[in-house]
Amino acid sequence: MNLCNLEALVPQYVRQFEAYIPSPPDDELQQMFGCSRLVRMNNNENPLGPPPAAAAFLKTFDPALVSRYPSGDCRPLRAKLADYLGVTPPQVILGNGANEVIAFVIKAFCQQGDNIVTADRTFAVYEWIARFSGIDARLAPLDDFGFDEEGLLARVDSRTKLVFICNPNNPTGTWWSRDRLIRFMERLGPDHIVVLDEAYAEFMDQPDYPDGISLLSRFPNLIIFRTFSKMYALAGLRIGYLVGTEQVTDIVRKTAIVYSVNTLAQSAALAALGDQTFITATRSLVQEGQQMLAAQCAELKLPILTSDCNFAMIKLPFSDTLAYRLLMQQGYMVRTMTGFRFPGWIRVSMSNCDAMQGFCTALSRLVHSRTDQSPLARAYGVSL
C-alpha cells in the first residue's frame, strides 16, 4: 500500500504544534474519578443558564428551521447588536465562538514573516492560532499579574501586525483602566492593530473600566472582541463577535466564514442581548462567590487573585494537577494552570451558593490533608 508522505505535506510549524485535547464528557469523568455528581468550575460558565427570554426561545424552537440555512451574515442579530452598542451593522462581524473570530483577524492581517504580540500568560488561543498559521507569537511577561505596556511595546517591530490585549485578563482577572489603554494606544501609534478582548466586559463594575467600542472614533486601529458565552450563558451555542471601524471590518469580512453561526445560536443571542436584570443577578452571584472563596482562602492562608470576573485563581502549596485529581474525587472540576504557565495554581469559576460552599469544604479538606500520612497522599503514592 502506498503511504501518504505527511513529512513532505505538513508544514513544519504545524508538525511542531501540540494539539489541544478537551476533557472527556461528564459521565466518563464521573466514572473515572468515582464521583456521583460533577460540579463544573473549570470553564467560567454561568450557572444561572441563559437569560429568561433566551431560555423560553430554546424551549419553543421550531425543528422545521433546522432544514434551512441560517442567515449567512447574521443580519438580524448584527442589526440589534449595532443598535445596542451604538455602531452601524457593517461594523459587527459574528463567528462560531471567539476562537473563530480570532482566526478571522489573524488571517486578514498576517502573512508568514509577520508577528503578533501579546502576554505570556493570557488567553492562549491568540498564540495558538498564530503559531499553527505560521505566524510568530511574541510574548511579554505579565507585570504583577497584569499586562505590561512596556514589555508589549518592546516586542513590537515593523512586522508586528496585531497586539492582543485581554481586558480583563483571563486567567488573572487584572485589567487596564481607560487612561492606561489610551496611553498605550497613543504610544503604539497607528501602524499596528490592537485587538482588545473584552470577553468578560459585562462582569466589570468599575467606573474606570474602558468600553473599547467608545474609543473607535479616536483609534480606528482598534478591534474589540466580545462573546455570548460568558455573561449570557450561551457557551454551548458558540457565538462571539468583533466590532471595529467599517474600514477594518471590510477587510476582516474577506476572511470571515459565512453561515458558520447556526440559527439556534443567532436567535438565542437575539433574545438574550441586553437583559440588564439578568446581568445584575449574575454580577451578584459572582460577587457572593468571590467573597466566599476569598474568606476560605484567607482562613487556609492561600494566595488568591479575585476580581469582578466570574473566576478566581488560587495558589496551592502542592501540585495543581494533583489537586485537580483529588478535587475531582469530591465532585469538583477546576482548571489546572500549569498549561497557562502558572504551575501550582488553579482557576475556579464562580457558581451558585450551594456549589461554592461545597467547593470551599472540599478545598479545606484537601489542604488540611497535606501530610505524608494523609490517606489522600497514600492513595497516589506522593507527598502533598
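All figures in this text were calculated on a predicted structure; none of them were measured in a lab.
Residues Y126 and R131 bring no donor and acceptor atom of their side chains to less than 3.5 Å of each other. Using modelled atom types and a 3.5 Å distance limit, the side chains of Q330 and R365 yield a donor-acceptor pair. Using modelled atom types, one finds no donor on one side chain facing an acceptor on the other under 3.5 Å when comparing T338 with T336.
Judged by distance alone, with hydrogens and angles left aside, the side-chain atoms of N310 form no donor-acceptor pair with the main-chain N or O of V286 at under 3.5 Å. No side-chain donor-acceptor contact under 3.5 Å links D143 to the backbone of G146. The closest donor-acceptor contact from the side chain of Q30 to the backbone of S36 lies under 3.5 Å. Side chain of R253 to backbone of I93: no donor-acceptor contact under 3.5 angstrom is found. In this structure a side-chain-to-backbone donor-acceptor pair under 3.5 Å is present from N221 to G189. With S351 contributing its side chain and A355 its backbone, the two residues share no donor-acceptor pair below 3.5 Å.
Using a 4.0 Å cut-off between charged nitrogen and carboxylate oxygen, E45 and K230 do not count as a salt-bridge pair.
Remark: F278 pairs with no residue by the ring pair (Phe, Tyr, Trp, His ring centres under 6.0 Å) rule, at least two apart or across chains. In this view, F340 satisfies the ring pair (Phe, Tyr, Trp, His ring centres under 6.0 Å) rule with no residue, not counting sequence neighbours. Taking the side-chain hydrogen bond (donor to acceptor under 3.5 Å, both in side chains) definition, one finds that D308 meets it with Q206, sequence neighbours left out. By the salt bridge (Lys or Arg N to Asp or Glu O under 4.0 Å) test, E150 is found to be paired with R187, residues two or more places apart in sequence or in another chain being considered. A search for ring pair (Phe, Tyr, Trp, His ring centres under 6.0 Å) contacts involving F219 returns nothing, not counting sequence neighbours.
A 4.5 Å side-chain heavy-atom check between S267 and T263 finds at least one atom pair inside the cut-off. In this structure, the side chains of L302 and K315 stay at 4.5 Å or more apart for every pair of heavy atoms. With a 4.5 Å cut-off on side-chain heavy atoms, M333 and M41 do not count as touching. Residues S71 and P76 are in side-chain contact: their nearest non-hydrogen atoms beyond the backbone lie under 4.5 Å apart. Inter-residue side-chain proximity for I314 and L293 is flagged as met; some heavy-atom pair is nearer than 4.5 Å. Taking the side chain as every heavy atom from C-beta outward, V261 and P70 never approach each other to under 4.5 Å.
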Problem set entry | Verdict with reasoning, F228 to Y241, per ring-ring contact (aromatic ring centres under 6.0 Å, His included) | CA-CA 8 Å; F228 284 91; Y241 62 96; 5.7 Å; yes

Exercise. Between I223 and L196, is a side-chain contact (heavy atoms from CB on, under 4.5 Å) present by the stated rule, with each step listed?
Worked result: CA-CA 6 Å; I223 296 175; L196 192 63; over 6 Å; no

Problem set entry | Chi angles and distances behind the side-chain contact (heavy atoms from CB on, under 4.5 Å) call for F123, F164 | CA-CA 10 Å; F123 187 51; F164 285 87; over 6 Å; no

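Taking CG from L316 and CG from L327, the interatomic distance works out to 8.0 Å, rounded to the nearest 0.5 Å. For the atom pair OG1 (T160) and CG (D191), the distance works out to 11.0 Å, reported to the nearest 0.5 Å. The CG atom of L216 lies 5.5 Å from the CG atom of L222; values are rounded to the nearest 0.5 Å.
Remark: of the listed residues N167, N169, N170, T172, N169 is the sole one forming a side-chain hydrogen bond (donor to acceptor under 3.5 Å, both in side chains) with T122. For the side-chain contact (heavy atoms from CB on, under 4.5 Å) test with F109, the passing option among V195, V248, T255, I116 is V248; the others fail.
Applying the side-chain hydrogen bond (donor to acceptor under 3.5 Å, both in side chains) test to pairs two or more places apart or on separate chains, none has a residue in residues 61-70. Within the structure, every pair that satisfies the ring pair (Phe, Tyr, Trp, His ring centres under 6.0 Å) test and touches residues 136-157, not counting sequence neighbours, is listed here: F145-W345. Among residue pairs with one or both ends in residues 208-223, those qualifying as salt bridge (charged side-chain N to carboxylate O under 4.0 Å, His left out) are E186-R218, D211-R226; sequence neighbours excluded. Among residues at least two apart or in separate chains, salt bridge (charged side-chain N to carboxylate O under 4.0 Å, His left out) pairs with a member in residues 334-360 are E127-R341. Sorted by first and then second residue, the pairs that involve residues 282-307 and meet salt bridge (charged side-chain N to carboxylate O under 4.0 Å, His left out), not counting sequence neighbours, are D205-R283. Residue pairs satisfying the salt bridge (charged side-chain N to carboxylate O under 4.0 Å, His left out) criterion with at least one member in residues 151-174, sequence neighbours excluded, are listed as follows: D114-R159, D114-K161, R138-D157. Under the side-chain hydrogen bond (donor to acceptor under 3.5 Å, both in side chains) criterion, the residue pairs touching residues 83-102 are Y84-Q276, T88-Q91, T88-E246, E100-S260, with sequence neighbours excluded.
Other residues, nucleotides and ligands place no more than 12 heavy atoms under 6.0 Å from the CD atom of E18. Other residues, nucleotides and ligands place more than 12 heavy atoms under 6.0 Å from the CD atom of Q357.
Using a 30° and 60° split on the angle between ring planes, Y200 and F203 fall in the tilted class, from 30° to 60°.
Cation-pi contact between R121 and F342: present, with separation from the ring centre below 6.0 Å and deviation from the ring axis of at most 45°.
Between F57 and F61, the ring centre distance stays below 6.0 Å.
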